[in-house]
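Reviewing the structure listed below.
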Amino acid sequence: MATPTRRPQRATGRQALVFYGKGCGALVGIAMLVLMIHDGLGVGAAVVLVAIVGGLVAVQRVRAADRARLGEIRAARSMEIGRYHAMNPREFEDAIAYLCRRDGCRDARRVGGAGDLGADVTALAPDGRRIVIQCKRYGPTTKVGSPDLQRFGGTCYSVHGAQVAVVVTTSVFTKPAANYATQHGIRCYDQSALAAWASRTGPAPWM
């Protein structure tokens, strides 16, 4: 199958400023070099030239390292979320409990099932706070809606005594769901936040 042709991306405002800054720096350096040569300051001119070239090389190396690191992070997160999509709901709950234990929680366990009243995983954070997590192992086209958050909000504090209430999903949240969560202090972890947590490139829900 033919590889689709990618359209060249336009430079963003930040990229334009970087290029502009580099160009100005190079022009200033060249101007100083010409003046020094004109005034017979050959050694000084050479030093300036070496400094300019060295600075440009250092900037390019830093930017290349940043791009490589960003690529590694994206690859790690993509691999993690793919694993969770392949799990059934019970396996997903066990996996979330494992992440809690891995990151220092005590008494992390799966409690989901019939009559769980919205709590799928409970744990004690490293600082002692009680964590109550609801797990939504949804496909990428199914969003977590406001009714899901409202049901969880009705039990996570009053029934389960949560000090940290979290809904974790392999999908995303609707805007009304996110608004409800903000109003009631519930932390929403969508697929991106979950992948970051699982790959150790982002924070745990209780942090």
Side-chain angles (χ1 to χ4, degrees), residues 1 3-4 6-7 9 70-105 107-125 129-207:
M1 178 167 53
T3 302
R6 296 182 62 183
R7 296 183 179 178
Q9 295 182 346
L70 182 59
E72 292 173 357
I73 290 174
R74 286 174 175 169
R77 291 180 178 181
S78 177
M79 183 179 299
E80 287 295 341
I81 201 63
R83 292 195 308 111
Y84 293 116
H85 277 301
M87 297 177 181
N88 62 42
R90 177 166 182 161
E91 291 170 338
F92 182 52
E93 293 169 6
D94 285 332
I96 296 303
Y98 163 77
L99 289 179
C100 293
R101 289 192 295 271
R102 184 199 71 181
D103 291 345
C105 290
D107 196 28
R109 56 198 178 93
R110 184 183 66 81
V111 295
D116 60 21
L117 296 177
D120 295 318
V121 174
T122 59
L124 293 178
R129 289 174 298 163
R130 179 170 173 78
I131 304 167
V132 178
I133 303 175
Q134 184 174 82
C135 302
K136 293 294 185 183
R137 214 293 301 160
Y138 286 171
T141 60
T142 303
K143 297 181 179 182
V144 181
S146 181
D148 295 316
L149 270 294
Q150 291 176 26
R151 284 190 291 270
F152 182 59
T155 60
C156 61
Y157 297 114
S158 60
V159 175
H160 301 293
Q163 293 171 295
V164 180
V166 186
V167 178
V168 179
T169 183
T170 51
S171 184
V172 295
F173 296 87
T174 64
K175 187 174 181 179
N179 290 339
Y180 178 89
T182 299
Q183 294 169 5
H184 293 82
I186 299 173
R187 305 186 185 192
C188 291
Y189 255 51
D190 63 9
Q191 60 180 357
S192 296
L194 170 60
W197 175 26
S199 61
R200 300 179 188 269
T201 59
W206 56 87
M207 297 179 67

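Hydrogens, waters and symmetry mates play no part in the numbers below; they use all other heavy atoms, side chains included.
Taking the side chain as every heavy atom from C-beta outward, L124 and R130 approach each other to under 4.5 Å. Contact check for F92 versus L194: side-chain heavy atoms found under the 4.5 Å cut-off. Between Y157 and I186 there is a side-chain heavy-atom pair separated by less than 4.5 Å. Side-chain contact between P203 and Y189 is present, with at least one heavy-atom pair separated by less than 4.5 Å.
Minimum interatomic distance between T169 and V172 (heavy atoms only, all atoms of both residues): CG2-N, 4.1 Å. When every heavy atom of L149 is checked against every heavy atom of C188, the shortest pair comes out as CD1-SG, 4.4 Å.
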Below 3.5 Å, can you tabulate the donor-acceptor pairs from side chains in residues 131-142 to any protein atom, sequence neighbours excluded?
unit_1, atom_1, unit_2, atom_2, d
Q134, NE2, G118, O, 3.2
R137, NE, M87, O, 3.0
R137, NH1, H85, O, 3.4

Review item, side-chain donor-acceptor pairs of residues 97-105, under 3.5 Å, at least two apart:
unit_1, atom_1, unit_2, atom_2, d
R101, NH1, A108, O, 2.9
R102, NH1, A198, O, 2.8
R102, NH2, W197, O, 2.9
D103, OD2, W197, NE1, 2.7

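One distance of note links CZ of F173 with OH of Y180; it measures 13.5 Å at 0.5 Å rounding. Taking CD of Q163 as the reference point, atom SG of C156 lies at 12.0 Å (rounded to 0.5 Å).
Not one N or O on the side chain of R129 forms a donor-acceptor pair closer than 3.5 Å with the backbone of V164. Judged by distance alone, with hydrogens and angles left aside, the side-chain atoms of H160 form a donor-acceptor pair with the main-chain N or O of L117 at under 3.5 Å.
The salt bridge (Lys or Arg N to Asp or Glu O under 4.0 Å) pairs that include a residue from residues 90-100 are E93-R110, D94-R110, where partners are two or more places apart or lie in different chains.
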